[in-house]
Protein chains: 2
Amino acid sequence: MKSTPSCLPCYLKQALSAIKEITEDRNSRYEILKKVSRILPELTMDKTPAFNSTLILQEVSKITGIKDPFLKKKEYYNQLSLAMYPRLKDMVKNSEDHLETATKIAVAGNVIDLGILGEVNLEKSLKEIFTTEFRLNHIKHLKNDLKRLEKVLYLGDNAGEILFDRILVEEFLKMDKKVIFAVKEAPVLNDATLKDAAEVELDTITKVISTGSDKIGTDLESCSEEFLDIFYNSDIIISKGQGNFETLNEENLNIYFILKAKCDEVANELGVNMGDIVIVNNKYLN
Amino acid sequence: MKSTPSCLPCYLKQALSAIKEITEDRNSRYEILKKVSRILPELTMDKTPAFNSTLILQEVSKITGIKDPFLKKKEYYNQLSLAMYPRLKDMVKNSEDHLETATKIAVAGNVIDLGILGEVNLEKSLKEIFTTEFRLNHIKHLKNDLKRLEKVLYLGDNAGEILFDRILVEEFLKMDKKVIFAVKEAPVLNDATLKDAAEVELDTITKVISTGSDKIGTDLESCSEEFLDIFYNSDIIISKGQGNFETLNEENLNIYFILKAKCDEVANELGVNMGDIVIVNNKYLN
C-alpha cells in the first residue's frame with residue numbers, strides 16, 4: 001500500500017518512540033525530533049508507510065549515533081513473553097480449535113509494537129483477544145491450504161511478539177509442515193532479528209532465516225536472493241503485522257495477513273475499523 | 001504550560017486537519033503538509049502548545065492562501081448545536097443540580113475540536129458525559145464564589161461548542177451575575193469568533209467581546225488592552241478547553257478550567273488521564 005498524508009505525523013511519532021529510548025531529557029528529545037523532521041519533505045507518498053518509517057528511524061540513528069535504540073526493550077519483551085509460554089500452550093491445549101486459538105494468541109502478541117502504540121499491555125491484549133472476533137476471517141481457507149500444501153514461510157514482526165508466533169508455528173509443525181521463520185537482518189524499530197529468535201528459542205524448533213533486509217516490513221527490493229528464493233517458492237506465507245502487510249498486500253501470492261489494525265490508514269486499506277483483528281488472504285476478498 | 005516533544009507530531013496532525021478542509025486531493029494534501037513541516041524546526045519548547053499550533057495553522061494559510069479553512073465546518077456545528085438547544089435546556093431543567101448539569105453540558109460540547117479529535121460525535125459525547133464523573137471537581141468552590149462575586153469572564157473555545165457554553169452562561173445570568181463572553185478576533189482553527197457567537201445567538205443574552213487576538217487559547221501578549229482590562233478585573237474567569245488551559249494555567253488568578261483532556265500532555269499537566277473531564281481551579285490544587 002502507498003503512504004497517505006496521515007502517515008506524516010505518525011512518522012514523527014515513531015521517531016519520538018525511538019528517541020525516548022535514547023534520552024530521558026525532554027529538551028534533547030525535542031531538539032533531536034526537530035532535526036529528524038527536516039527529512040519529512042523528502043518522503044514520497046508512492047512508497048509504503050513501512051519504507052518511509054524506516055528512513056525516519058535511520059535518521060534518528062544517524063543523528064544520535066545509536067544503532068539499536070530498542071535493544072533493552074526487545075530483550076525485556078522477549079523475556080516477558082518467554083515466561084508466558086507455558087500458559088499460552090495451556091490455552092491452546094484447553095481450546096476446541098487449536099489452530100484458531102494459536103492464531104489469536106499470535107495476534108495478541110501483535111500489541112508489542114513500540115513505534116505506534118508505545119504503551120503495551122500484554123495481559124490485557126491476551127484477555128481481550130478471546131472476546132474479540134476476527135473482523136475478516138479466512139482461517140477456513142488456511143486450514144484447507146494446510147491439508148494439501150507443505151512449505152510455510154512465516155514473516156515475523158516484533159521482538160517478544162515472535163514468542164506468540166512460536167505458538168502458531170508449533171501448530172504448523174504438529175501438522176508436519178516445513179516452516180521457515182523470517183526475521184530482519186539488522187535492528188530497525190523493535191522488529192525481531194536472529195538474536196531475538198534465539199532469545200525466545202524459536203531457532204530450536206524450526207529454521208530461522210533473515211530477510212537480508214533491515215527495513216520495516218518485507219521490502220522485497222532490499223531482501224537477499226536467498227530469502228527471495230524461499231519467498232517465491234513457499235506454498236503458504238504467513239505475514240504478521242502492519243509493516244509486512246503494507247509492503248506485501250499488493251503481491252499476487254498465497255499470503256495470509258495476520259494483524260491488528262493499529263491505524264486508520266491500514267484499517268481503510270483492509271476495509272475494517274481501527275482496532276479490528278484480521279486473518280486475511282487478498283485472493284479471497286470479494 | 002510549555003510544549004513537550006510529543007506536541008511535534010500533533011502540530012502536523014492539526015495542520016492536516018486544516019488541509020483536509022482545503023483540498024480533497026491526497027497528493028495535494030501530502031505536498032502541502034510536507035511544506036508546512038519545514039517550520040517544525042523553528043518551534044520552541046518554551047512556548048505553549050497553543051502558541052506553536054497557531055504558528056503551524058498560520059503556515060497552512062500562508063501556503064494555501066486560505067484564511068479560514070474551517071469556515072463551513074464552524075457554520076455546520078453552530079447550526080447543529082443550535083438545534084440541540086431546547087433539548088439541552090430541558091436536561092438542565094429536569095436535573096437536580098442545574099449548575100453541575102450545565103457545566104457537564106459545556107464539557108460535552110468540548111468534543112467539537114476539529115484540530116485534535118477530527119471526528120465529532122456530539123450525541124455520543126452528550127450521552128457519555130452524564131455517566132462520567134469529573135476527575136477533578138471544584139464545582140463547590142465555584143458555587144461559593146458565585147454566592148459572593150459578581151463579574152464573570154467566560155473564555156470560549158470552539159464554534160458550535162459555544163452554544164453548549166451558552167447553557168452554562170444562562171445559569172450564571174439566572175444568578176444575576178454580570179457575564180462577558182470572549183471569543184477570538186479572527187479565525188484560527190475552529191475557534192469561535194464574533195460571527196459564531198452571533199450564529200448561536202450568544203450575543204442576544206450577554207455581552208460578547210473579542211480577545212483582540214487570533215491565537216489559539218488566550219495568549220495574553222497578543223490580546224487587546226480592552227480585553228486585558230476586563231480579564232484582570234473579573235472576579236471569576238471560566239476558561240474553556242485545552243488551548244485556554246495551556247496558555248493560562250500558570251496565571252495567578254481565580255480561573256476555573258473546564259475541559260476534557262484530549263492528549264497525554266495536558267492530562268499529565270493536570271495529573272489526570274487522557275479522556276478525563278475536569279472543572280479545576282489551580283489555587284485549590286494541593
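Residue numbering restarts at 1 for every chain, and letters A, B, ... go by the order of the sequence lines. None of these values were measured; they are calculated from a predicted model.
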K.L.:
Please determine, among B:Lys35, B:Glu42, B:Met45, B:Arg29, the option with the most heavy-atom pairs under 4.5 Å with chain A.
P.N.:
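Answer, by heavy-atom pair count under 4.5 Å with chain A: B:Met45.
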K.L.:
Identify the heavy atoms of A:Leu8 and B:Lys34 that sit nearest to each other, and give their distance.
P.N.:
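For A:Leu8 and B:Lys34, the tightest heavy-atom pair comes out as CD1-CG, 3.7 Å.
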K.L.:
Specify the closest pair of heavy atoms between A:Tyr30 and B:Asn52, including all atoms of both residues, with the distance to one decimal.
P.N.:
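Reported closest heavy-atom pair: OH-ND2, 3.7 Å.
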K.L.:
Compare all side-chain heavy atoms of A:Pro5 with those of B:Ile32 and state whether any distance is below 4.5 angstrom.
P.N.:
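Counting from C-beta outward, A:Pro5 and B:Ile32 never come under 4.5 Å.
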K.L.:
Tell me if the CZ atom of A:Phe130 is crowded by more than 12 foreign heavy atoms within 6.0 Å.
P.N.:
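Counting other residues, nucleotides and ligands, CZ of A:Phe130 exceeds 12 neighbours.
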K.L.:
Please round to the nearest 0.5 Å and tell me the distance separating atom CG of A:Asn27 and atom NZ of B:Lys2.
P.N.:
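Output value for this atom pair is 11.0 Å.
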K.L.:
Select one option (side chain, backbone, both, neither) describing which atoms of B:Leu16 are under 4.5 Å from chain A's heavy atoms.
P.N.:
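For B:Leu16, the contact with chain A is made by the side chain alone.
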K.L.:
Should we say atom CG of A:Asn252 is surrounded by more than 12 heavy atoms from elsewhere, each under 6.0 Å from it?
P.N.:
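Counting other residues, nucleotides and ligands, CG of A:Asn252 stays at 12 neighbours or fewer.
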K.L.:
What residue, out of A:Val36, A:Ile19, A:Leu43, has the most heavy-atom pairs lying under 4.5 Å from chain B?
P.N.:
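Most heavy-atom pairs within the cutoff with chain B belong to A:Leu43.
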K.L.:
Return the minimal non-hydrogen interatomic distance between A:Ser6 and B:Lys20, and the atom names on each side.
P.N.:
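A:Ser6 and B:Lys20 have their closest heavy atoms at OG-NZ, 3.8 Å.
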K.L.:
Just how far is it from atom CG of B:Leu12 to atom SG of A:Cys7, taken to the nearest 0.5 Å?
P.N.:
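Between B:Leu12 CG and A:Cys7 SG, I get 12.0 Å after rounding to 0.5 Å.
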